[in-house]
Amino acid sequence: MNNEITRKLVIYNTLSRTKEVFEPIHSPHVGMYVCGPTVYSDVHLGNCRTFISFDIIYRYLLHIGYKVRYVRNITDAGHLEGDHDEGDDKFAKKAKLEQLEPMEIVQKYTLGFHEVLSMFNTLPPSIEPTATGHIIDQIEMIRKILESGYAYEVNGTVYFDVEKYSNNHSYGVLTNRKLEDLLEGTRELSGQDEKKGRLDFALWIKSKPETLMQWPSPWGNGFPGWHIECSAMSTKYLGTTFDIHGGGMDLQATHHTNEIAQSEAFSNVSPVKYWVHTNMLTVNGARMSKTAGNGFLPKELFTGNHPLLERGYSPMTVRFFMAQSQYRSTLDFSNEALQAAEKGYKRLMESLSVLDKIVPGEVSSVSIAELKEKCYAAMDDDFNTPILISHLFDAVRIINSARDKQETLTSDDLEMLKQIMHSFVFEVLGLKDESNNSAGNEVMEGLMNLIADIRKSARANKDWSTSDKIRDELSALGFEIKDTKDGFEWRLN
RNA sequence: GGUACCUUGACCGAGUGGCUAGGUAGCGGUCUGCAAAACCGUCAACGGCAGUUCGAAUCUGCCAGGUACCUCCA
């Protein structure tokens with residue numbers, strides 16, 4: 001096989017609670033499924049963290065040579081607000097509120113989701129299936145589960161029988177919990193409940209006549225339960241067993257636990273080899289969530305239009321901020337942390353333009369090959385982006401020092417350094433340069449050269465008031481001015 | 001109540017049984033007309049109490065504080 005993957009990647013697997021060597025089932029092909037958003041409201045920053053984390057994972061897998069099929073769903077139906085609500089799903093509820101068709105809601109927030117993720121420079125998944133587009137697949141799967149005896153129908157609603165499943169499977173594997181403990185934590189069955197067991201969850205839910213989104217099924221009209229869509233769609237596109245299943249940690253205990261149960265009841269094999277969970281984004285130590293109402297919308301963050309924000313921060317500042325923590329740790333969100341990230345991000349970007357100005361020397365005073373290996377080693381260790389970034393800052397120091405002739409690099413090493421920076425900063429971390437410099441704008445370039453000339457002669461004549469006036473007023477307009485030996489450099493932020 | 005997890009310097013945040021994380025901020029210096037940037041140097045930490053160990057911030061126990069999940073949430 002000419003697609004030999006040479007890196008030895010280690011991934012933390014929630015199933016075993018240890019780091020495991022990553023060995024795909026059909027290397028170099030990798031199947032990865034990530035739970036996407038429920039599109040009934042705007043995505044907040046916490047949601048974005050998960051998608052950015054998996055974007056970096058996806059990018060690194062591609063970078064080291066894997067052929068990845070990345071499936072991320074859109075939940076646009078069937079996601080109940082709770083077992084005890086009136087039977088409408090989230091879309092119908094919101095639709096009534098806004099006087100819109102459910103699919104209008106879905107369309108609106110799907111577009112918003114894509115817009116936000118594209119601002120964060122995430123790559124689109126290979127397949128982005130919707131729940132409503134896979135009703136038939138879900139019904140088929142439910143039917144098989146009924147046949148296998150792990151589900152039962154009551155009055156048009158189909159429930160998964162957790163206790164029966166537990167007789168020969170371990171229901172709580174993902175969270176390392178025993179059934180008895182789980183039962184202890186659950187509410188008593190209320191009188192109106194038709195479920196047999198307290199942990200049983202709905203696969204198919206009977207609709208009322210007025211329910212807006214409903215489909216015919218062998219059990220009458222209704223709509224699918226939340227968990228079944230992911231099992232049905234991951235099976236359809238990645239097979240009954242695939243490599244990586246990801247999502248936020250909040251999905252681990254319920255959604256993913258139920259997915260495993262459904263899939264095993266359906267196919268009798270464990271559906272996922274590596275379960276990967278990203279940790280939560282917190283604000284003042286508390287988890288950012290829709291229900292808690294402490295969620296920042298990306299738009300508020302970019303504009304600074306939020307009571308907790310002193311000012312706005314750019315999408316790449318935020319992306320860099322997130323990459324500075326490991327995906328399995330909680331990350332706390334604050335003005336100070338964002339300001340620190342912004343400075344660091346700019347310094348990193350700045351060094352990339354310095355890189356083109358370095359004159360190669362006869363020998364190298366530092367080992368670039370070693371630096372390169374350290375960068376890969378960091379990512380190979382469960383995608384440790386903070387360690388990677390610490391090495392990239394070593395590179396920044398080398399680059400700046402080489403410009404100042406304090407370090408020297410051979411032309412080969414200089415090439416390697418450029419390649420490392422390009423690969424890791426742009427391809428793997430998925431950052432991009434947001435600064436708006438002269439590239440592609442000749443008028444601006446000519447204008448700035450003219451101003452630079454005027455200021456240069458003013459300085460030569462020790463006319464400091466003119467030279468300072470030019471600098472100060474350009475700064476006020478948003479230009480960043482840096483004096484050099486022969487003039488000044490500028491960039492527009 | 002049950003089950004997990006977390007507590008690192010001014011702030012964010014890695015890691016590890018003995019070896020400088022990194023960024024931001026601070027301090028001193030180089031450079032500069034001044035500033036900014038950059039570079040060099042530097043300060044500073046491992047919640048508390050016991051234990052295991054030649055050695056623990058890293059392992060164990062207890063305590064304190066915090067968070068999450070068990071019910072919709074990435």
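Treat the numbers as computed from the prediction; the structure is a model and nothing was measured. Reminder, nothing fancy here: chain letters follow the sequence lines and each chain counts from 1.
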Completion exercise
Ranking B:G13, B:C39, B:C70 by distance to the side chain of A:Arg177, first place goes to B:C70

Handout entry: Integer angstrom distance from the P of B:G41 to that of B:A21
Key = 15 Å

Exercise for the section: Kindly compute the distance separating OH (A:Tyr313) from CG (A:Leu338), expressed to the nearest 0.5 Å. Expected result: 5.5 Å

Exercise for the section: State, yes or no, whether a side-chain contact exists between A:Leu308 and A:Asn294 at a heavy-atom distance under 4.5 Å. Expected result: no

Review item, nucleotides 31-35 of chain B N/O atoms under 3.5 Å of protein N/O:
unit_1	atom_1	unit_2	atom_2	d
B:G33	O6	A:Ser467	OG	3.1
B:G33	N1	A:Asp468	OD1	3.0
B:G33	N2	A:Asp468	OD2	2.9
B:C34	O2	A:Arg471	NH2	3.0
B:C34	N3	A:Arg471	NH1	2.9
B:C34	N3	A:Arg471	NH2	3.3
B:C34	N4	A:Arg471	NH1	3.3
B:C34	N4	A:Asp483	OD2	3.0
B:A35	N6	A:Asp483	OD2	3.0
B:A35	N1	A:Arg471	NH1	3.4
B:A35	N1	A:Asp483	OD2	3.3
B:A35	N3	A:Arg471	NH1	3.0

Completion exercise
Residues at least two apart in sequence or cross-chain that pass side chain to side chain contact (heavy atoms under 4.5 Å, CB included) with A:Glu473, listed by chain then number, are A:Lys469

Exercise for the section: Decide whether A:Thr75 and A:Asn73 meet the rule of one side-chain donor and one side-chain acceptor closer than 3.5 Å. Expected result: yes

Problem - A:Ala253, nearest nucleotide to its side chain (from B:C70, B:A21, B:A38) - result: B:C70

Filtered N/O pairs between nucleotides 59-61 of chain B and protein, under 3.5 Å:
none

Practice task
Check whether any side-chain N or O of A:Asn400 sits under 4.0 Å from OP1 or OP2 of B:A37, and answer yes or no.
Solution key: no

Practice task
Provide, to the nearest angstrom, the distance between the CG atom belonging to A:Leu281 and the C1' atom belonging to B:C6.
Solution key: 16 Å

Exercise for the section: Please answer whether the main-chain N or O of A:Arg459 pairs with a side-chain N or O of A:Ser467 as donor and acceptor at a distance below 3.5 Å. Expected result: no

Practice task
Determine: side-chain N/O of A:Thr254 to OP1/OP2 of B:C70, distance under 4.0 Å, yes or no.
Solution key: yes

Handout entry: Euclidean distance for C1', B:G17 against B:A74 (whole angstrom)
Key = 36 Å

Can you give the donor-acceptor pairs under 3.5 Å from side chains of residues 319-329 of chain A to other protein atoms, not counting sequence neighbours?
unit_1	atom_1	unit_2	atom_2	d
A:Arg319	NE	A:Leu429	O	2.7
A:Arg319	NE	A:Gly430	O	3.3
A:Arg319	NH1	A:Asp55	OD2	3.1
A:Arg319	NH1	A:Phe120	O	2.8
A:Arg319	NH1	A:Asn121	O	3.4
A:Arg319	NH2	A:Asp55	OD2	2.7
A:Arg319	NH2	A:Leu429	O	2.9
A:Ser325	OG	A:Arg49	NH2	3.0
A:Ser325	OG	A:Met322	O	3.3
A:Gln326	OE1	A:Arg328	N	2.8
A:Gln326	NE2	A:Asp382	O	2.8
A:Gln326	NE2	A:Asp382	OD2	3.4
A:Tyr327	OH	A:Asp382	OD1	2.6
A:Tyr327	OH	A:Asp382	OD2	3.4
A:Arg328	NE	A:Asp382	OD2	2.8
A:Arg328	NH2	A:Asp382	OD2	2.8

Practice task
May I ask you to say what A:Met249 touches in the nucleic acid, namely base, sugar-phosphate or nothing, with a heavy-atom cut-off under 4.0 Å?
Solution key: nothing

Exercise for the section: Find the distance A:Gln406:CD to B:G29:P and express it as a whole number of Å. Expected result: 19 Å

Completion exercise
Whole-Å distance, A:Gln324 CD to B:C11 C1', equals 12 Å

Exercise for the section: Please tell me which of the listed nucleotides, B:G23, B:A14, B:C70, lies nearest to the side chain of A:Phe393? Expected result: B:G23

Completion exercise
Taken to the nearest whole Å, CZ/A:Arg17 to P/B:U3 is 15 Å

Practice task
Between A:Ile398 and A:Asn384, name the one whose nearest nucleotide on RNA chain B is closer to the 5' end.
Solution key: A:Asn384

Problem - Interatomic distance at P, B:G48 relative to B:A57, whole Å - result: 9 Å

Problem - Heavy-atom check, side chain of A:Phe242 versus side chain of A:Tyr237, under 4.5 Å - result: no

Practice task
Assign each of A:Thr330 and A:Pro37 to its nearest nucleotide of RNA chain B by heavy atoms, then name whichever residue's nucleotide is nearer the 5' end.
Solution key: A:Thr330

Exercise for the section: Supply the atom-to-atom distance A:Ile260 CD1 to A:Tyr171 OH, rounded to the nearest 0.5 angstrom. Expected result: 10.0 Å

Problem - Contact list for RNA chain B against residues 332-344 of chain A - heavy-atom distance below 4.0 Å - result: A:Asp332, A:Glu336, A:Ala337, A:Ala340, A:Lys343, A:Gly344

Practice task
In whole angstrom, give me the gap between the C1' atoms of B:C5 and B:G9.
Solution key: 23 Å

Practice task
Consider the side chain of A:Ala286, meaning its heavy atoms from C-beta on, and name the nucleotide among B:A68, B:A14, B:C39 that approaches it most closely.
Solution key: B:A68

Practice task
Indicate whether any N or O donor in one side chain lies under 3.5 Å from an N or O acceptor in the other, for A:Asp76 and A:Tyr40.
Solution key: no

Completion exercise
Rounded to whole Å, the CD-P distance (A:Gln326 to B:G22) equals 19 Å

Problem - Close side-chain approach of A:Leu297 and A:His306, heavy atoms under 4.5 Å - result: no

Problem - Interatomic distance at C1', B:U3 relative to B:U71, whole Å - result: 15 Å

Exercise for the section: May I ask you to say whether A:Lys456 pairs ionically with A:Asp453, meaning some side-chain N is under 4.0 Å from a carboxylate O? Expected result: no

Handout entry: Base-paired stems in RNA chain B, each at least three Watson-Crick or G-U pairs under 3.5 Å
Key = B:1-7 with B:64-70, B:10-12 with B:22-24, B:26-30 with B:38-42, B:47-51 with B:59-63

Fill in the blank from the handout: Taken to the nearest whole Å, CG/A:Leu199 to C1'/B:C70 is 9 Å

Practice task
Indicate yes or no: at least one non-hydrogen side-chain atom of A:Glu300 is less than 4.5 angstrom from one of A:Leu45.
Solution key: no

